[in-house]
Amino acid sequence: MNKNYSYFDLVYEITRNIPSGRVTTYGAIADYLGLGSARMVGWALNQVHGSYTDVPAHRVVNRLGELSGRNHFPDPDYMANMLKQEGIEVVDNKITEFKKYFWHPENLDSIL
DNA sequence: GACCTGACGCCCC
DNA sequence: AGGGGCGCCAGGT
């Protein structure tokens, strides 16, 4: 059937809608989509590494605000650099005041 | 076809 | 407060 639209696409959709200067977590996306597993979100974003270059995967971090996916980018510092460029303070691959920048997919309704 | 690992997260000690 | 273990789903070996 039309399995072209898997939860992958939903993850990309959400990620694409993360406002600049804001970040969300794997768990938040998984919870919002009812996936039941945050790992699946990471897996989906792993596929981005190649195509879907318009998906700002650097804005998705773990629940501690750590850039756990930095090693999966061409440059290990790409994530930190992009986030800094967007006005987010990153120290030692971790977002300071993470709660301040946190954006929940629930807020999708606001921007749509 | 079974086993292991992985861009995570929660519970328990 | 910090560290370790188990569960979740999918894909690769």
Side-chain angles (χ1 to χ4, degrees):
Chain A
M1 315 302 277
N2 282 334
K3 281 300 181 180
N4 294 335
Y5 296 100
S6 60
Y7 67 91
F8 275 55
D9 297 298
L10 295 175
V11 172
Y12 301 150
E13 181 80 18
I14 293 175
T15 306
R16 255 191 296 250
N17 282 291
I18 301 174
S20 178
R22 293 275 187 268
V23 293
T24 191
T25 67
Y26 304 97
I29 296 176
D31 181 60
Y32 181 75
L33 295 179
L35 297 181
S37 179
R39 288 175 175 266
M40 296 172 67
V41 177
W43 223 268
L45 290 177
N46 187 30
Q47 301 299 317
V48 177
H49 187 58
S51 54
Y52 292 100
T53 53
D54 59 320
V55 178
H58 62 274
R59 293 177 189 155
V60 184
V61 299
N62 68 7
R63 81 179 191 90
L64 299 178
E66 298 171 331
L67 313 188
S68 52
R70 63 187 147 76
N71 285 324
H72 292 266
F73 287 88
D75 289 323
D77 292 326
Y78 175 81
M79 244 180 131
N81 289 332
M82 286 303 278
L83 292 176
K84 287 177 183 174
Q85 186 178 320
E86 295 175 358
I88 298 178
E89 186 178 0
V90 180
V91 177
D92 193 30
N93 294 317
K94 183 173 181 178
I95 299 175
T96 60
E97 292 296 318
F98 168 61
K99 193 171 184 179
K100 185 172 85 174
Y101 302 110
F102 178 71
W103 175 89
H104 196 282
E106 205 174 47
N107 299 327
L108 256 179
D109 299 356
S110 310
I111 56 180
L112 287 182

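Here is how names work: the chains are called A, B, and so on, in the same order as the sequence lines, proteins then strands, and each is numbered from 1.
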Checklist entry - What's the OH-P distance between A/Tyr26 and B/dC10, to the nearest Å? => result 15 Å
Checklist entry - What are the two closest non-hydrogen atoms of A/His58 and A/Glu86, and how far apart are they? => result NE2-OE2, 3.0 Å
Checklist entry - Hey, is the main chain of A/Glu89 close enough, under 3.5 Å, to the side chain of A/Thr96 for a donor-acceptor pair? => result yes
Next on the checklist: side-chain contact (heavy atoms from CB on, under 4.5 Å), that's the test. Do A/Leu33 and A/Val41 meet it? Break it down for me.
Outcome noted: CA-CA 10 Å; A/Leu33 295 179; A/Val41 177; 5.8 Å; no
Item to check | Side-chain donor/acceptor of A/Asp75 to backbone N/O of A/Asp77, under 3.5 Å | outcome: no
Checklist entry - Quick one: does A/Asn17's side chain have a donor or acceptor within less than 3.5 Å of a partner on A/Ile14's backbone? => result no
Next on the checklist: Nearest 0.5 angstrom please: A/Ile29 CD1 to A/Ile18 CD1, how far?
Outcome noted: 5.5 Å
Item to check | Close residues, residues 59-70 of chain A, relative to DNA chain B [heavy-atom separation under 4.0 Å] | outcome: A/Asn62, A/Arg63, A/Ser68, A/Gly69
Checklist entry - For A/Ala28 and A/Phe102, which heavy atoms make the closest approach, and how far apart are they? => result CB-CZ, 4.0 Å
Checklist entry - Pick one: which of A/Tyr26, A/Phe8, A/Tyr7 meets side chain to side chain contact (heavy atoms under 4.5 Å, CB included) with A/Met40? => result A/Tyr7
Next on the checklist: One character per nucleotide, please: for nucleotides 8-13 of chain C, 5' to 3', B when the base has a protein heavy atom closer than 4.0 Å, S when only the sugar-phosphate does, - otherwise.
Outcome noted: BSSS--
